[in-house]
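All values reported here derive from a predicted model rather than from experimental measurement. Any value given below was found using the heavy atoms of this structure, including those in side chains, with hydrogens, waters and symmetry copies removed.
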Amino acid sequence: MSRMVEVSRQGRVMRLVLNRPEKRNALDGALCRELLLAIDQGDDDRTVGAILISGAGKSFCSGMDLDEMLTPAEESLGPLHERLFTFGRRVTTPVIAAVHGSALAGGTGLAANAHVVVAAADAAFGLTEIRIGLWPFVVFRAVAAAVGERRAVELSLTGRIFDAREAAGMGLVHFVAPEGELESYSEELAARIAGASSVAVQAGLGYVVEAGELDHEEAGTTAHRFRQELFRSADIAEGIQAFREKRPPRWPSHEL
């Protein structure tokens, strides 16, 4: 992995840091490819219990790199952008975004794809594409899933920038970290999520992905299938035993 995405491990948490601070972590093709590769590698690694994404410098991510737009290279990036900005509907390893500074356009799209978002109080969000004569096509679905279609349309039409507390009210942000505590707060949360049963988490997120494409009755049938599979797992047997013995569980899935 090159310098565009810094990858490190803290126990069962894989840490990904967008590392183009001189460009406010603008998403050019190279950064998109590295970030997608790192997310997919983390998702494929059963020793990874959570993926924590943050940004170096003053911003989380300022969106697409404008220097790359309207060039021949940009025309070839469609499939890459489609896969990157739909990772939340595919990945079954929890992804946590720790957002500070600007998270605009594609930056808001990355946040919308994360399963859990922690933001600093001074974080700024917005679907600002309309300001340059564009529409947030590739991120719209994820943002609409997070905040509702009607709100996503309003944000797309106005291109306005809004703060972390408004983002939390919409459902885009889940937690606003106390001032100066974004890193410690998000790391503790990621470690707590990574400490859960891998079997339960992967089954649960797998169900969310699969059921999203089904009607109500089919989703119920699918839920029953996932539930019965979990009932046969060693993790749920350990979880029940640990609860009865009033001790922390020792998940068999973490020992694989």
Item checked: salt_bridge(R24, D65) N-O dist < 4.0 Å -> no
Check: Heavy atoms, side chains only, cut-off 4.5 Å: are E229 and V199 in contact?
Finding: no
Next item on the list: Look at the side-chain heavy atoms of Ile, Leu, Val, Met, Phe, Trp and Tyr, link any pair under 4.5 Å apart, and say whether F87 and M4 land in one connected group.
Entry: yes
Item checked: Steps toward side chain to side chain contact (heavy atoms under 4.5 Å, CB included) verdict (S156, F140) -> CA-CA 8 Å; S156 302; F140 184 88; 3.6 Å; yes
Checklist line | Taking every non-hydrogen atom, the tightest pair across G49 and P94 | finding: O-CD, 3.4 Å
Check: Are the charged groups of E255 and R250 less than 4.0 angstrom apart, N to O?
Finding: no
Check: Are any of the side-chain nitrogens in R20 or E34 under 4.0 Å away from the carboxylate oxygens of its partner?
Finding: no
Check: Is a donor on one side and an acceptor on the other found under 3.5 Å between the side chain of T128 and the backbone of G159?
Finding: no
Next item on the list: Output every pair passing salt bridge (Lys or Arg N to Asp or Glu O under 4.0 Å) with a member in residues 136-156, not counting sequence neighbours, ordered by first then second residue.
Entry: E82-R141, R151-E154, E154-R160
Next item on the list: Begin from the C-alpha positions of R9 and D45 and carry the test salt bridge (Lys or Arg N to Asp or Glu O under 4.0 Å) through to its verdict.
Entry: CA-CA 12 Å; R9 284 288 296 268; D45 188 342; 3.6 Å; yes
Notebook entry, point to check: So with a 6.0 Å cut-off around CZ of R90, is the heavy-atom count from everything else above 12?
Noted result: yes
Margin query: Quick test of your reading of the model: are R247 and E238 salt-bridged, counting only N-O distances below 4.0 Å?
Written below: yes
Notebook entry, point to check: Does a side-chain heavy-atom distance below 4.5 Å link L52 with M14?
Noted result: no
Notebook entry, point to check: Does H174 reach the main-chain N or O of V117 with its side chain, forming a donor-acceptor pair under 3.5 Å?
Noted result: yes
Note to self: Show, in sequence, the C-alpha distance, side-chain angles and deciding distance for V143 and T108, and conclude whether the side chain to side chain contact (heavy atoms under 4.5 Å, CB included) test is met.
What the structure shows: CA-CA 8 Å; V143 175; T108 294; 4.1 Å; yes
Next item on the list: Before giving the answer on salt bridge (Lys or Arg N to Asp or Glu O under 4.0 Å), spell out for K23 and D28 the whole-Å C-alpha distance, their side-chain angles and the decisive distance to 0.1 Å.
Entry: CA-CA 10 Å; K23 290 284 190 177; D28 66 354; over 6 Å; no
Check: Do the ring planes of Y185 and F175 sit parallel (below 30°), tilted (30 to 60°) or perpendicular (above 60°)?
Finding: tilted
Item checked: Neighbour count >12 (heavy atoms, 6.0 Å) for atom CZ, R227 -> no
Note to self: Donor-acceptor pair, distance only, cut-off 3.5 Å: does the side chain of H254 make one with the backbone of A196?
What the structure shows: yes
Next item on the list: Could you tell me whether E22 atom CD has more than 12 heavy atoms of other residues or ligands within 6.0 Å of it?
Entry: yes
Margin query: I'd like to check F162 versus L155 (side-chain heavy atoms, cut-off strictly below 4.5 Å). Are they in contact?
Written below: yes
Notebook entry, point to check: Only one of N113, V139, L31, L36 forms a side-chain contact (heavy atoms from CB on, under 4.5 Å) with L84, so which one is it?
Noted result: L36
Next item on the list: Check the hydrophobic clustering (I, L, V, M, F, W, Y; side-chain heavy atoms under 4.5 Å; chains of links allowed) and say if F60 and V17 are grouped together.
Entry: no
Next item on the list: Would you kindly confirm whether I161 and I130 end up in one hydrophobic cluster when ILVMFWY residues are joined by side chain heavy atoms under 4.5 Å apart?
Entry: no
Note to self: Looking at every non-hydrogen atom in both residues, tell me the closest pair between A105 and G63 and how far apart they are.
What the structure shows: CB-CA, 4.2 Å
Check: Would you find more than 12 non-hydrogen atoms of other residues, nucleotides or ligands less than 6.0 Å from E179 atom CD?
Finding: no
Note to self: For A56 versus P21, what's the shortest heavy-atom pair and its separation?
What the structure shows: O-CB, 3.9 Å
Checklist line | H100 (side chain) donor-acceptor with S54 (main chain) under 3.5 angstrom | finding: no
Next item on the list: Could you check R225 against E210 for salt bridge (Lys or Arg N to Asp or Glu O under 4.0 Å), going step by step and ending with a plain yes or no?
Entry: CA-CA 12 Å; R225 170 168 56 82; E210 191 170 329; 2.4 Å; yes
Item checked: Closest contact, heavy atoms only, V176 versus A120 -> CG1-C, 4.4 Å
Margin query: Within this structure, what is the CG-CG distance for the pair L127 and L104, rounded to the nearest 0.5 Å?
Written below: 9.0 Å
Notebook entry, point to check: So which pairs with a foot in residues 200-209 pass salt bridge (Lys or Arg N to Asp or Glu O under 4.0 Å), sequence neighbours left out?
Noted result: none
Notebook entry, point to check: Are any of the side-chain heavy atoms of L77 and C32 separated by less than 4.5 Å?
Noted result: no
Notebook entry, point to check: Does W251 belong to the same Ile/Leu/Val/Met/Phe/Trp/Tyr cluster as V201, with side-chain heavy atoms less than 4.5 Å apart forming each link?
Noted result: no
Margin query: Any non-hydrogen side-chain atom of I193 less than 4.5 Å from a side-chain atom of V116?
Written below: yes
Checklist line | Sub-4.5 Å side-chain heavy-atom contact between L157 and W135 | finding: yes
Check: Does the side chain of V99 come within less than 4.5 Å of F125's, by heavy atoms?
Finding: yes
Next item on the list: For residues L16 and I39, determine if any side-chain heavy atom of one lies less than 4.5 Å from a side-chain heavy atom of the other.
Entry: yes
Next item on the list: For S59 and S62, indicate whether the former's side chain and the latter's backbone hold a donor-acceptor pair under 3.5 Å.
Entry: no
Next item on the list: Starting from the C-alpha separation in whole Å, work towards a yes-or-no answer on side chain to side chain contact (heavy atoms under 4.5 Å, CB included) for H81 and M64.
Entry: CA-CA 10 Å; H81 290 161; M64 296 299 182; 3.8 Å; yes
Next item on the list: Before giving the answer on side chain to side chain contact (heavy atoms under 4.5 Å, CB included), spell out for C61 and L27 the whole-Å C-alpha distance, their side-chain angles and the decisive distance to 0.1 Å.
Entry: CA-CA 7 Å; C61 174; L27 295 164; 3.5 Å; yes
Next item on the list: Please identify each residue that fulfils side-chain contact (heavy atoms from CB on, under 4.5 Å) with I240, with sequence neighbours left out.
Entry: I236, R244
Next item on the list: Answer with yes or no whether the hydrophobic clustering places I96 together with V91; edges join I, L, V, M, F, W, Y residues whose side-chain heavy atoms lie under 4.5 Å apart.
Entry: no
Check: How about S233 and D235: does a side-chain donor come under 3.5 Å of a side-chain acceptor?
Finding: no
Checklist line | Atom CD of Q228 with >12 non-hydrogen neighbours under 6.0 angstrom | finding: yes
